[in-house]
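For reference, the structure discussed in these notes is given below.
This one's a predicted model, so the numbers in the text were calculated from it and none came from an experiment.
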Amino acid sequence: MAELYGQRWSRSELERRVGHVSQLGGVRLLASDNGPSRGVRLIEFRTGTGFTFEVALDRGMDVGRAEYRGASLAWMPPTLMPGPWYFEQQTEFGWLRTALGGFNNTCGLIHIGNPETAEVGHYNFPARPRERYGVHDRAAMIPAELVSLVERWEGDDLVMEAVGRVTQAQAYGENLVMTRTYRAELGRAAFVMEDVIENRAFVPVEHMLLYHFNIGFPLVDAGAELIARALGGRSCFRHGRSR
C-alpha cells in the first residue's frame with residue numbers, strides 16, 4: 001500500500017479520489033529544450049513523497065537532478081549537464097567538461113580513474129596495439145536505448161520502472177552492453193538501480209566499473225558525515241555477463 005499524506009492507501013482508495021494516478025506521482029519521458037543539455041532525453045520519476053529524480057537517457061542513463069521536498073540532493077555542475085554530442089572524447093580530461101555532475105555518473109566500462117594507456121593486442125587489430133583512455137572512459141556520455149518505460153500496479157503498490165541499454169563498442173574492439181533498470185514505488189522516497197553488464201564480444205575484455213556519486217548542498221555541508229562500506233577492484237571477463 002502507498003504511504004501518502006500521513007496514512008496508507010489501497011489502490012481502490014486512491015483511484016476513487018483522482019482522475020488519473022499522475023496527480024499523485026508517476027514516470028514520464030521528457031526532453032531538455034535549452035542550453036547545453038538541449039535535446040537530452042529525461043525520464044522523470046515522481047514518488048508522491050516529495051522525492052523526485054530525473055534519469056538522463058542520453059548521458060549513460062545516469063541520474064541528474066534529484067530532490068527531496070524541494071531540496072536538491074545532487075551537486076549540479078557549472079557545465080549545465082551537456083548532451084553527449086559535446087563530449088571531447090579525444091581529450092584526456094574532456095570528461096570533466098561534460099560528464100561530471102548530477103546525482104551519479106557511471107565510470108567505465110573499460111577504464112576508471114586518470115588517463116591510462118592499455119595494451120589491446122587481444123583484439124587482433126595490428127594497426128592499434130594500444131589504446132589511450134581518458135578520465136573515467138565513456139559510459140557516462142553514451143546515449144542509452146530505451147527498452148521499456150512502465151507504470152504497473154502490483155496489488156496495492158504502484159511500481160514505476162525504466163529499462164535501458166548502454167552499449168560501449170567499436171569495430172575491432174570491445175562490445176560491452178549494460179542493461180540498467182530503475183524501480184521506484186508510489187509512496188516510497190527511494191529507488192533501486194540494477195545493472196547487468198554483458199561482454200558480447202568473443203574475446204576476453206578488461207572491465208572496470210565505478211559509481212561516482214555527487215551529493216550536494218544542502219544535504220552535504222559542514223558537519224556532514226558519510227558512513228559506508230565500500231568494495232572495489234577490477235575484473236577481466238570472457239563472453240558472458242556480469243551482475
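When all heavy atoms are compared, the tightest approach of Ala184 to Ala190 is CB-O, 3.7 Å. Contact record, Asp58 with Pro143: OD1-CB, 3.4 Å, taken as the closest heavy-atom pair. Nearest heavy-atom pair across Gly134 and His111 is O-CD2, 3.2 Å. Between Thr47 and Glu185, the closest heavy-atom pair is CB-O, 3.8 Å. Counting all heavy atoms, side chain and backbone alike, Gln168 lies closest to Asp137 at NE2-OD2, 2.9 Å. Of all heavy-atom pairs spanning Leu100 and Leu96, the tightest one is CD2-CD2, 4.2 Å.
Side-chain atoms of Ile215 and Phe103, non-hydrogen and from C-beta on, do get closer than 4.5 Å to each other. For the pair Tyr123 and Val205, the minimum side-chain heavy-atom distance is below 4.5 Å. Between Ser22 and Glu151, the closest side-chain pair of non-hydrogen atoms is not below 4.5 Å. Within the 4.5 Å cutoff, the side chain of Thr179 has no heavy atoms near those of the Val147 side chain. Under the 4.5 Å side-chain criterion, counting only non-hydrogen atoms from C-beta, Trp85 is not in contact with Arg38. Side-chain atoms of Met178 and Leu176, non-hydrogen and from C-beta on, never get closer than 4.5 Å to each other. Asp157 has its side chain out of reach of Leu186: every pair of non-hydrogen atoms, C-beta onward, lies at least 4.5 Å apart. The closest side-chain heavy-atom distance from Ile43 to Leu57 is below 4.5 Å.
In this structure a side-chain-to-backbone donor-acceptor pair under 3.5 Å is present from Arg128 to Tyr172. For the pair Asn104 (side chain) and His212 (backbone), a donor-acceptor distance under 3.5 Å is absent. Checking side-chain atoms of Thr91 against main-chain N and O of Phe93 turns up no donor-acceptor pair under 3.5 Å. For the pair Thr167 (side chain) and Ala169 (backbone), a donor-acceptor distance under 3.5 Å is absent. Panel note: side chain Arg41, backbone Ala144; a donor-acceptor pair is recorded below 3.5 Å.
Other residues, nucleotides and ligands place more than 12 heavy atoms under 6.0 Å from the CZ atom of Arg152.
Between Glu116 and Arg132 there is no salt bridge, since no side-chain N of the basic residue sits under 4.0 Å from a carboxylate O of the acidic one. Remark: Arg8 does not engage Asp156 in a salt bridge, criterion side-chain N to carboxylate O under 4.0 Å. By the 4.0 Å N-to-carboxylate-O rule, Glu13 lies too far from Arg16 to be salt-bridged with it. In this structure, Arg65 does not pair ionically with Glu67, as no charged nitrogen and carboxylate oxygen lie closer than 4.0 Å.
The CG atom of Leu73 sits 12.5 Å away from the CG atom of Asn214 when rounded to the nearest 0.5 Å. Separating the CZ atom in Arg188 from the CZ atom in Arg183 is a distance of 12.0 Å, to the nearest 0.5 Å. We find the CE-CZ distance between Met160 and Arg46 to be 8.5 Å, quoted to the nearest 0.5 Å. Of the inter-residue distances, the one linking Leu14 atom CG with Met1 atom CE reads 8.0 Å to the nearest 0.5 angstrom. Rounding to the nearest 0.5 Å places CD of Glu88 at 12.0 Å from CE of Met141. Taken to the nearest 0.5 Å, the OG atom of Ser37 stands 7.0 Å off from the CG atom of Leu42.
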Can Leu149 and Leu29 be said to form a side-chain contact (heavy atoms from CB on, under 4.5 Å), step by step? CA-CA 8 Å; Leu149 183 65; Leu29 183 63; 4.0 Å; yes

For side-chain contact (heavy atoms from CB on, under 4.5 Å), just list the numbers for Thr181 and Val196, CA-CA rounded to whole Å, side-chain angles, deciding distance to a tenth of an Å, and then say yes or no. CA-CA 9 Å; Thr181 302; Val196 176; over 6 Å; no

- Show your reasoning for whether ring-ring contact (aromatic ring centres under 6.0 Å, His included) applies to Phe53 and Phe45. CA-CA 5 Å; Phe53 64 99; Phe45 284 81; 4.6 Å; yes

Exercise for review: Dump the intermediate steps for side-chain contact (heavy atoms from CB on, under 4.5 Å) on Phe87 and Arg97, then the final yes or no.
Suggested key: CA-CA 8 Å; Phe87 182 30; Arg97 292 188 179 275; over 6 Å; no

Would you check, one step at a time, whether the test side-chain contact (heavy atoms from CB on, under 4.5 Å) holds for Leu209 with Ile197?
CA-CA 10 Å; Leu209 181 64; Ile197 299 175; 3.6 Å; yes

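For the 3.5 Å distance criterion, the side chains of His122 and Asn124 fail to qualify, holding no donor opposite an acceptor. Side chains of Arg130 and Thr117: no donor on one and acceptor on the other come within 3.5 Å. Glu3 and Gln7 are not linked by any side-chain donor-acceptor pair at a separation below 3.5 angstrom, with hydrogens and angles left out of the test. Between the side chains of Asn175 and Asn199, no donor-acceptor pair of N or O atoms lies under 3.5 Å. A side-chain donor-acceptor contact under 3.5 Å links Thr106 and Arg180.
In the hydrophobic cluster analysis, where Ile, Leu, Val, Met, Phe, Trp and Tyr join through side-chain heavy atoms closer than 4.5 angstrom, Tyr68 is grouped together with Phe213. Under the 4.5 Å side-chain heavy-atom criterion for grouping Ile, Leu, Val, Met, Phe, Trp and Tyr, Val220 is connected to Phe51 within one hydrophobic cluster. Put simply, Met193 and Leu146 are part of the same group of oily side chains (I, L, V, M, F, W, Y) that touch within less than 4.5 Å, one to the next. In the hydrophobic clustering of ILVMFWY residues, with side-chain heavy atoms under 4.5 Å counting as a link, Tyr211 and Trp75 come out apart. Linking ILVMFWY residues whenever their side-chain heavy atoms come closer than 4.5 Å, directly or via other members, places Ile142 and Met61 in the same cluster.
The aromatic rings of Trp95 and His136 sit perpendicular, their planes meeting at an angle over 60°, well past the 30° parallel limit. By the 30° and 60° cut-offs, the orientation of the rings of Tyr5 relative to Trp9 is perpendicular.
With ring centers used as reference points, Phe191 lies under 6.0 Å from Tyr182.
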